[in-house]
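What follows is a short report on a single structure.
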4 protein chains.
Amino acid sequence: MNMVTTVAVAGASGYAGGELLRLLSNHPEFEVGAVTAHSSAGDKLGRHHPNLIGLAGRTLQPTTPDVLDGHDAVALALPHGASAEIAAAMSENTLVVDCGADHRLTDPDAWKQFYGTEHAGSWPYGLPELVHADGSKQRERLANARRIAVPGCNVTAVTLAMAPGLAAGVIAPTDIVAVLANGPSGAGKSLKTQLLASEILGAASPYAVGGGHRHIPEIEQNLALAAGAPISLSFTPTLVPMSRGILATVTAKLNNGVTSSDARSAWGKAYADEPFVHLLPEGQWPTTAATVGANTAHIQVTVDERAGRLVAVAAIDNLTKGTAGAAVQCMNLALGRPETLGLPTTGVAP
Amino acid sequence: MNMVTTVAVAGASGYAGGELLRLLSNHPEFEVGAVTAHSSAGDKLGRHHPNLIGLAGRTLQPTTPDVLDGHDAVALALPHGASAEIAAAMSENTLVVDCGADHRLTDPDAWKQFYGTEHAGSWPYGLPELVHADGSKQRERLANARRIAVPGCNVTAVTLAMAPGLAAGVIAPTDIVAVLANGPSGAGKSLKTQLLASEILGAASPYAVGGGHRHIPEIEQNLALAAGAPISLSFTPTLVPMSRGILATVTAKLNNGVTSSDARSAWGKAYADEPFVHLLPEGQWPTTAATVGANTAHIQVTVDERAGRLVAVAAIDNLTKGTAGAAVQCMNLALGRPETLGLPTTGVAP
Amino acid sequence: MNMVTTVAVAGASGYAGGELLRLLSNHPEFEVGAVTAHSSAGDKLGRHHPNLIGLAGRTLQPTTPDVLDGHDAVALALPHGASAEIAAAMSENTLVVDCGADHRLTDPDAWKQFYGTEHAGSWPYGLPELVHADGSKQRERLANARRIAVPGCNVTAVTLAMAPGLAAGVIAPTDIVAVLANGPSGAGKSLKTQLLASEILGAASPYAVGGGHRHIPEIEQNLALAAGAPISLSFTPTLVPMSRGILATVTAKLNNGVTSSDARSAWGKAYADEPFVHLLPEGQWPTTAATVGANTAHIQVTVDERAGRLVAVAAIDNLTKGTAGAAVQCMNLALGRPETLGLPTTGVAP
Amino acid sequence: MNMVTTVAVAGASGYAGGELLRLLSNHPEFEVGAVTAHSSAGDKLGRHHPNLIGLAGRTLQPTTPDVLDGHDAVALALPHGASAEIAAAMSENTLVVDCGADHRLTDPDAWKQFYGTEHAGSWPYGLPELVHADGSKQRERLANARRIAVPGCNVTAVTLAMAPGLAAGVIAPTDIVAVLANGPSGAGKSLKTQLLASEILGAASPYAVGGGHRHIPEIEQNLALAAGAPISLSFTPTLVPMSRGILATVTAKLNNGVTSSDARSAWGKAYADEPFVHLLPEGQWPTTAATVGANTAHIQVTVDERAGRLVAVAAIDNLTKGTAGAAVQCMNLALGRPETLGLPTTGVAP
């Protein structure tokens, strides 16, 4: 397939929408179609995303099925709860990629417990590099899909950090502990006091502590697929003063007799051929800066013999590999393009 | 005792030395005596610490016993390995407070394993709020002491976060996991590439991962005193782009039958009368910004029933409560002053 | 006067209000009275200012004359337009210090041009260190005042940078150019997209460019008092990613025959005895970090012979010397206390 | 010419070198050849630039003529003083693009005054968008060049901000004032205390104040070409806490009778067809964030009638349009490729 594919972006005024447009406008075979917003409909796009110089003159249209219909693909960057209705109105042949949470969870009870509403049904899950317990990868489930649920950004970081060790049986699934350093762009462009620059500059602060974060059931779902067994997870995100980036430090109990070399080889094997997920050379630890703007995850693992735990660290850009880059990667897969087409792998650092 | 106490500061050109001078110059009963440095001897102090406007014209003297002798108290802010010799040359009646690591560990083998040299011997340990298993507090060991080892900054954060739960028996000592967000001033003013602003701005990155950080045996020593039992600890610090601050997120396995209310009451009881350690109102989580420049630790705890873990978070300023404030607090105690004299409790925020 | 003075703070939930409370709670002769807010009335203060640990349990009352009446002093940290009515309801003997703009300008036309409403009348202007053309200082106008208008933060920085040179006749008043680097806390806690952390981290951006900023007539008013002649000013503030701080870089045409030594001596003479304004040693340039949390301005000047301009740079903390510290300094003066009482001069750095 | 061009990078361990490699590795018709360094020779490239995941395994070779010879092009990212000797050893047919200062100035006296050494001779100057007084653009001087001097980063920002107004005669050349906000990556990876993260986080501070910055004669040289007359410039750079970016706020006296509309049309006309320099829509001011990682300059101008000055603001990424992007743009021009080939125009924001 060589013809140009048109992609509409719903929710284009936000950070995830802006990142989708940045990537799509640099993609050699995709073309930006309608760009839509809710309260910002009617504005020029450049007012919201001055970095998108080539699209600055485009006018944001309202987010309605009429406007979105007729594209080859539609990317949704909407608050959760808003995508089911839109998706239902799109043709079955239109690829709909949802960056929101609505269709990620397979268990309606988990959805209800964490989101408090009725479940909208699950879609194929868009984390191609997820290792299953049977050795397969998630990307096999995405070819020719026409509905894809893009993972949450924290979920991508923690899942990529831990799945290989669970699939290889080197760590226990029962007591995983994840603490994350997060840039505030992951919380979107919402006008909340705790997201003001004055609150975040010079500050590190945790949120959703104690098991209430909505990404928890999604991580457990992924890691259970990797482990072939239920998961127990303690998860704490922390806001720090960088606009983009997630650094996930994840530890798990080592299974008996596992050496450091066993551990590294589990991750090395899982990611050897992955274009976007990299186990760093031994001794080099990830930094979020190295992934800024790239659809790349950097991973490192080691064994802490004193503590009896394996430590894995993953760094991603929450807006790229954590959201919009993953969405484009899934579009490539679903539409038969090379998986890496149009996606940057080199971060903008320093 | 109402007369003025003279305090010399060795290592005055660095960040810990500067913070000591900031606090001492605002202390109503202490007076800054000699200020010394190594390679910066001969410089005006204002060149290194432009914030210390009242001391800017002072000249840094060389760090020698001669210069330091004759003060009522001497605060050492030197690289580890440098304080034993200095201390030996000071009169027994002179209070020597060491912000370095040399005299913190009681176990010579732990010292040798983590520092690689012979142990210089241990001094009374300067964390007044440390709860022991027998219900006593560490401050009892500090009255009239003339040698005090000030704790490491990470150690203070993790110890204050966890000790009450161990002393009260609500959590298990065997599988504690701590992940920290750290401002780079904790690493001092060393000229290392990884401490350059261009490397740290926009970046979160872990260091000393996997059990090798030198603060680990010190945390274990403290928490073992609290638990009355050996400790197992996974510990990962993370550099983030704020100049000061430590946010420690620490989790431990809940003991059977412990409720959230039991947990909170353990911390509440331990810190109820502490002037510098505050259990925040339920639902409010610490932020490092609230502690900047203050000798204050903010703490919160909750129970994650899903994960079977207690989560405690502590925020401190690494240079104040984590180093120089603790040193002044110890001087107050050792010299019979009110423990809080001259020490700020309100952070400079936002 | 040795008795304790009670001070109420109106607008206590915002950043200026919080800084007033931080300073007042550390003041040896002032006591915090009522703390009031508008939409946050009823909240605990600690929810808005977790740094103010000693006042955290106080409840915010509504901002009404009834609540504020009966204190010795009232500090107003309200949006402009809100203070006239409150002040009118306070007793003439009550000291009212207004951190807002309403009573700063003496020219009703300038007020109307920049604020668009009727002028509320001018109050004695609270910048004690302002040098007048006749050699007097502004502090003489503040003794026993019962209404004081605290200067704008940008105004304080630019005025302190330039006034000595104008008063001494070393620079021309007709073509002054000021460009500022500003921390976002100067814009308050308003929920605006451009103040979100994601917008400000990693970004420098100007605002109110081209002569429209409301601080311009106030700077011109001050500098005209210094010069004894009308002023022409180009003024551009720039948001940068630090929570607090203003760095003002101000240049003016050198008058004929003025040497670098003449210039420095003008500033040196003006500020020699000032406790809060410091001309740095030759060759050392101000950094905002050195003034964080302090009621201090750091100043440096030099002559650029190639360009025929004098360059003066001033650094202040916008919330301390730029707002709340200045308010407390004025209270000290008006109430016959030592001008420096309770005010920090050492910044919290690094 | 469709064949692949090989490009060696000398000084590849630094920030400019890393940015060259980021851009070259994404360029469709250039291929990274030798990568060289001085003290880091022998290291793996990934140790210095973890973002360059595709080149991470490359070994840094020593910076010698032997290693660099034989490539189609050589990009030099070396300290000033180091490039003349290297360039002399390269074939005349090899394109040598120098990111250092050695060959930028045409006036040997200006070089000697600001750099203190003998001038190495000038090369064609690599700022394609520079408007000359005769209406021509600098790019005409670059076709088929085999030696090109890439402009300094501050120079690019100030020149692009001001040249159109000088060329069109709407502003006076005699009293230009430029103040810049600069990310520290412009100062390179040098180990200097003032570049440590602890010094720069939370701080704005000027440097090289008063006419001594080495970029001044280069700006004057450019603006004199635009004006057809000598220039007088006051120039002050300011370090602020963002890793990349320059925001230049530049003002100049308006010529008589010039309206705001005249001014805008001068800039509009100069940059209408430029792919990398954009006059923003009226009322929208540049932010550095919008240019991060892009070879783009964002410009806005307005007239301040009150002050009698025109204000122009330019935002660039100092490492991209300010250094490495400009180098690649020049290579494209000199080697007959489309000027925009392989160069990103959309910044990574937020």
Side-chain angles (χ1 to χ4, degrees), chain C residues 174-183 194 196-207 209-212 216 220 232-236 238-247 249 251 253 260 285-290 292 300 302-311 313 315 349-350, chain D residues 174-183 196-207 209-212 216 220 232-236 238-247 249 251 253 260 285-290 292 300-311 313 315 349-350:
Chain C
T174 46
D175 189 27
I176 297 171
V177 179
V179 179
L180 285 71
N182 299 69
Q194 68 267 33
L196 290 177
S198 299
E199 300 290 318
I200 283 177
L201 286 159
S205 48
Y207 63 99
V209 190
I216 290 175
E220 291 179 342
S232 157
L233 174 73
S234 165
F235 173 84
T236 311
T238 310
L239 280 175
V240 300
M242 58 188 186
S243 67
R244 293 173 172 232
I246 294 177
L247 187 89
T249 301
T251 73
K253 296 296 283 183
S260 185
W285 288 88
T287 168
T288 57
V292 170
Q300 185 56 284
T302 197
V303 161
D304 181 346
E305 289 181 7
R306 194 179 173 95
R309 283 194 166 251
L310 177 136
V311 190
V313 176
Chain D
T174 48
D175 189 26
I176 296 170
V177 178
V179 179
L180 285 72
N182 299 70
L196 289 177
S198 299
E199 300 290 318
I200 283 177
L201 285 158
S205 50
Y207 62 99
V209 190
I216 291 175
E220 290 179 341
S232 158
L233 173 73
S234 165
F235 172 83
T236 311
T238 310
L239 279 176
V240 300
M242 59 188 186
S243 66
R244 294 174 172 229
I246 293 176
L247 187 88
T249 301
T251 73
K253 298 294 285 181
S260 186
W285 288 88
T287 169
T288 56
V292 170
Q300 184 57 283
V301 291
T302 196
V303 161
D304 181 346
E305 289 181 7
R306 193 178 175 95
R309 282 192 168 254
L310 176 137
V311 190
V313 175

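First the proteins, then the strands, lettered A, B, ... as listed; each starts at 1.
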For chain C, the option from [options] that forms the most heavy-atom pairs under 4.5 Å:
{"options": "D/G183, D/G308, D/S234", "value": "D/S234"}
{"options": "D/G202, D/S232, D/A349", "value": "D/G202"}
{"options": "D/V292, D/V240, D/I246, D/I176", "value": "D/V240"}
{"options": "D/A181, D/G212, D/P241", "value": "D/P241"}
{"options": "D/L239, D/T174, D/L196, D/T249", "value": "D/T249"}

Any idea which of [options] has the most non-hydrogen atom pairs under 4.5 angstrom with chain D?
{"options": "C/G211, C/G210, C/A289", "answer": "C/G210"}
{"options": "C/M242, C/E305, C/R244, C/Q300", "answer": "C/M242"}
{"options": "C/T302, C/V177, C/I216, C/V303", "answer": "C/V177"}

Quiz item: Do the side chain of C/T288 and the main chain of D/A204 share a donor and acceptor less than 3.5 angstrom apart?
Solution: yes
Self-check item: Option from D/V301, D/V311, D/D304, D/T251 for which side-chain contact (heavy atoms from CB on, under 4.5 Å) with C/V209 holds
Solution: D/V311
Practice problem: Provide the closest heavy-atom pair for C/S205 versus D/T287 in the form atom of the first, atom of the second, distance. | Solution: CB-CB, 3.7 Å
Exercise. For C/V313 and D/P206, work out which heavy atoms get closest and say how close.
Key: CG1-CG, 3.9 Å
Quiz item: Taking atom OG1 of D/T238 and atom CH2 of C/W285, what is their separation to the nearest 0.5 Å?
Solution: 10.5 Å
Quiz item: How many angstroms lie between atom CG of D/L201 and atom OG of C/S243, to the nearest 0.5 angstrom?
Solution: 11.0 Å
Quiz item: Under the salt bridge (charged side-chain N to carboxylate O under 4.0 Å, His left out) test, which residues partner C/E199, sequence neighbours left out?
Solution: none
Exercise. State, yes or no, whether a side-chain contact exists between D/R306 and C/L233 at a heavy-atom distance under 4.5 Å.
Key: no
